[in-house]
Each structure stands twice: as C-alpha cells, then as structure tokens.
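Here is the structure we will look at.
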Amino acid sequence: MHYFRFSGSQLHCEDVAVADLVEKYGTPLYVYSQRTVAEHFQKLDQALAPLDHLICFAMKANSNLSVMRTLANLGSGFDVVSAGELERVIAAGGDPKKCVFAGVAKTEKEIEYALRRGIYSFNVESEPEIVRINEVARRLKKRAPIAVRINPNVEAHTHAKITTGTYENKFGIAFEQVEAIYERASKLKHIWLRGVQMHIGSQLTSVEPFEQAVKKVLPLVAKLKAKYNLEFFSPGGGLGIIYNPALASGDPAWWKSAAAKDILTPDTYAARLLPLLQPLGLRILMEPGRFIVGNAGILVTRVEYVKRTGKKNFVIVDAAMNDLIRPAFYDAYHEIVPLAKKKGAPVSSDVVGGICESGDYFCKDRPLPRVGEGDYLALLSAGAYGFAMASNYNARPLAAEVLVKGNRHALARRRQAVKAIWADETVAPWLKQ
Ligand SMILES: *Cc1c(COP(=O)(O)O)cnc(C)c1O
C-alpha cells in the first residue's frame, strides 16, 4: 500500500498534485510520501508486537534526514554500514543505542566511533573483525557488544547482485564455523556476545526462504543462547516489495485481488515466522530497508525529446542512471506513468537518460502512453536504493528531494549546485604556472 494515486487525471502524492511539486522544485525530483513510510514501519512493528523486538531500518536504502527522522520519531532503530551512516543517524535525531553496525570492512576508526557512541551491536562478518573489535574495545576500556552474522547457505531466489546468504557471497560466517567462532570469541575479554544475526538477500517476495533459513539456524541459535546468555536474534532484512503493478498496489481494492494473494506482507511473514521465533525467548531484531521506503518514493522526470529511429521510439528524459541506477545495475523494473493521464493507444517505448552509456535506460520496448516534449513522467517505487545510489557521473548535480505529508510539502534536500560537484577538487600547483 502507498499513497501515489491518480485523482482525476493528475498523479497525486497523498493530497498534493505531483505537477505542483514539479512547478515549485523542478526535475529530476524525488518525492516521498511520509504517510507511506510511517505505515510500512507501523505494519511491521504491529506484526512483531507479540515479541520483544526492535526494527532497525537499513538506512542504506534511503538516508534522507527527513525520511530517517520520520522513522526515528516512530521509535525505529537503524542498521548502519559505515561510521558516516552512524553520524547521519545522529544528525537525523536517531538513537545510536538502537543501531546495529553491519558490513565486511569496518575500519579501526569506525569501530572506535561506534563504540564511543554506544551502539547496540556490531554484526560481525569475519573472525579477524572480532579480534580487531576486541583490541579497540580494550584500548577504550569497554566491552563491545557483537553478533555474528551467520551465512546459512540458503538460496534466496532473487537477483544475483542481491543474494547474500550463500557461500558464493562475501557476507557473514559460514554456518558450520559459527559455533567454534563463538567459543573462541567468548575468551576475548572485551567482547560481549550479545546476539546472532543473519541476512539472506534482498527483494524476497516469498516467505519460504526466510522460513527455511530460520529453521536451519534455530537449533544453533538456541544452543548459543544457552551457552553464552545471548540477548537477541535477527533474521535480517530483505522483505520484497511490489514493483509491478506499483500503481495498482496503492489501491486498497487491489489487495483483495488474486494477484495480491502471493505477496509477502508483514502478516504473512509474522504468521509463518513468529511460531518459530517465539519459543527462542530472545529479543528479535529486523533490518528491513526496501520494505519501509521502496514504495514510498517516486522519481519525476521531464521528457526532453522523443526520437523515432527505424525500430524504436526513444523517450529521452532529464533523469538518468546517475539519478536511479537500479534498471542498469539490477535489471530492475520501475513502473512509469505520465503525471497527467493520457488518452490513445500505447506506444512501445524505450525511456532513456542522457548519459553516454548504453546501459542508461529506465525501460525497453514497453507499451507507454504517447508523450511528447514537456510532458512529465514518474518512475514509481523509487524510494529505496534510488537517491541513495545517485552519483555525479557526467557532472550531473544530485536531484532534489521533497517530503509530502497530507497537503503539505517541504524540500528535504535542495538540488545540488553544479559548482558543489568539484568543490573538493584542486588543480595541482605545478599545473598553474
Ligand atoms: C541491505 C541490507 C539490509 C536491507 O535489505 P532490504 O532488502 O533493503 O531490506 C539488511 N541487512 C543487511 C545486512 C543488508 O546488507
């Protein structure tokens, strides 16, 4: 469910016509619905209510301060993957004590920063990392809370670039090695074995892989809990969202349709996983990213040219892969709709950006309403891994971001000034003469 709907012939975000936002803020423009963000968090929070639990939003999906503050105000914690992200949590008004720190490459500096800020747990991904955390904690005269990220070697049946829970991936510690690692870690004086964690992949659209992975690790988790008095278990993030039909899924009636039956919802997740998790008697953490913000954002772009070649109808827009890389990077699908409904037969179209890369496209050979120069298009479900992965490739400034709540809207990030792109660069002195 989300709050991007046509009202009359105009696409709205909550109660605001997106066309009005375009007029005020320009394009390319990310638009976020605060109500959608909040409701996704709350649905998950309610589904987990029977358990002592903490949701740590995986902020790498969307780290805009307004989005994060929305979640912090609802009591969310955060899954961070760098010291920079932890600083962002603090800047957004979040609580470091509700943060877990994931990632395979934590530096000494990052570990020190996180320890000083008193994070809830390091989700560790290798044995040398545990040794390093112990060293830093000894120097700071602290005990560092950790959880080992188990790689359960379970196939998540998702895109190769977002599968993380098999031995082909760099993440976590192999299931078979985990017990011995806890044993060795328990001898380190500055390590506090606080929990166990896992993550099998992203954009999982069925509950089975979660269930399979949890069932596989449960006996081990129970054993580790008994031995080391652990406090929490995290089955991770990865809940998928609907990219297609993204627009229809904003309609409550759609959720009663046959198509909606197989969708992974917080209720399905809870119905299948709670009976497994409850008997553990552990606090349950979850680290969802996409599920919370994916359907809560769109990218709005202006049609600059329509170019017909012998074979194709190219719709050339002012957003590009530097603004939204998912189609190029993951072969991702984003539903594309004009801001104003169009009449007439659809035309098979490629929507492309202006970057000098053949991979710079948003869709290929897709039937779309006929549009022309000066029309606007919205790429739906762009709230996760959209702006967060944007770059300055081709010296294109980062897009603006807007937050909508009801009939209100506010700039959540101003459009980057072009000069800011090279503000940190210098010309070497010998080149200047
Ligand atoms: C990326 C990531 C997540 C969030 O994944 P989503 O699919 O966005 O929910 C959670 N945990 C870890 C360790 C991750 O790397």
Side-chain angles (χ1 to χ4, degrees), residues 37 40-41 43-45 47-48 53-64 67-68 71 76-82 85-86 89 98-106 114 119-126 129 146-152 154 156-166 169-173 195-207 209-210 213-214 217 232-243 263-266 269 273 284-297 325-326 329-330 332 381-389:
V37 173
H40 277 96
F41 176 86
K43 265 187 220 156
L44 202 52
D45 202 33
L48 298 175
H53 71 277
L54 175 66
I55 297 174
C56 295
F57 170 59
M59 63 180 281
K60 72 176 193 282
N62 187 325
S63 58
N64 180 277
V67 170
M68 290 178 61
L71 291 166
S76 182
F78 297 91
D79 177 320
V80 309
V81 292
S82 70
E85 283 198 344
L86 186 54
V89 168
K98 289 184 181 173
C99 286
V100 292
F101 190 165
V104 296
K106 302 174 190 83
I119 61 158
Y120 184 75
S121 179
F122 291 92
N123 290 341
V124 305
E125 309 231 17
S126 68
E129 183 189 329
I146 72 158
V148 167
R149 174 172 176 175
I150 304 181
N151 182 334
V154 166
H157 304 292
T158 181
H159 189 276
K161 283 191 183 152
I162 49 177
T163 293
T164 62
T166 78
N169 308 117
K170 67 183 175 186
F171 301 105
I173 291 177
V196 190
Q197 197 261 350
M198 71 177 192
H199 179 67
I200 54 175
S202 195
Q203 185 52 14
L204 273 70
T205 49
S206 85
V207 73
F210 286 112
V214 167
V217 304
F232 79 92
F233 170 57
S234 168
L239 271 83
I241 61 161
I242 299 163
Y243 283 99
I263 302 301
L264 179 55
T265 63
Y269 182 90
L273 283 241
I284 299 301
L285 263 64
M286 251 189 103
E287 296 106 14
R290 187 190 316 265
F291 176 78
I292 309 263
V293 293
N295 287 136
I325 204 173
R326 298 190 67 259
F329 198 25
Y330 308 113
S381 303
Y385 309 104
F387 185 92
M389 293 177 101

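Each ligand, and each atom within it, is numbered from 1 in the order the structure gives.
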>> Please give me the minimum heavy-atom distance between Met198 and Ile150, naming the atom from each residue.
In response: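 Closest approach of Met198 to Ile150: CB-O, 3.4 Å.
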
> Is any side-chain heavy atom of Phe210 less than 4.5 Å from a side-chain heavy atom of Leu204?
Replying inline: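 Answer yes - side chains close enough.
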
>> Quick check: do Lys98 and Leu54 have side-chain heavy atoms less than 4.5 Å from each other?
In response: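 Counting from C-beta outward, Lys98 and Leu54 do come under 4.5 Å.
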
> With a distance cut-off below 6.0 Å to the six-membered ring centre and an angular limit of 45° from the axis, does Lys106 pair with Phe101 as a cation-pi contact?
Replying inline: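 Pair Lys106/Phe101 counts as cation-pi.
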
> With Gln197, which residues qualify under side chain to side chain donor-acceptor pair (under 3.5 Å), at least two apart?
Replying inline: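 Expected list: Glu287.
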
> Can you name the residues that come within less than 4.0 Å of ligand 1, going by heavy atoms only?
Replying inline: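 Answer by chain and number: Ala58, Lys60, Asp79, Arg149, His199, Ser202, Gln203, Gly237, Gly238, Glu287, Pro288, Gly289, Arg290, Tyr385.
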
>> When you measure from the side chain of His53 to the backbone of Ile284, do you find a donor-acceptor pair of N or O atoms at a distance under 3.5 Å?
In response: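 Not a single qualifying donor-acceptor pair exists.
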
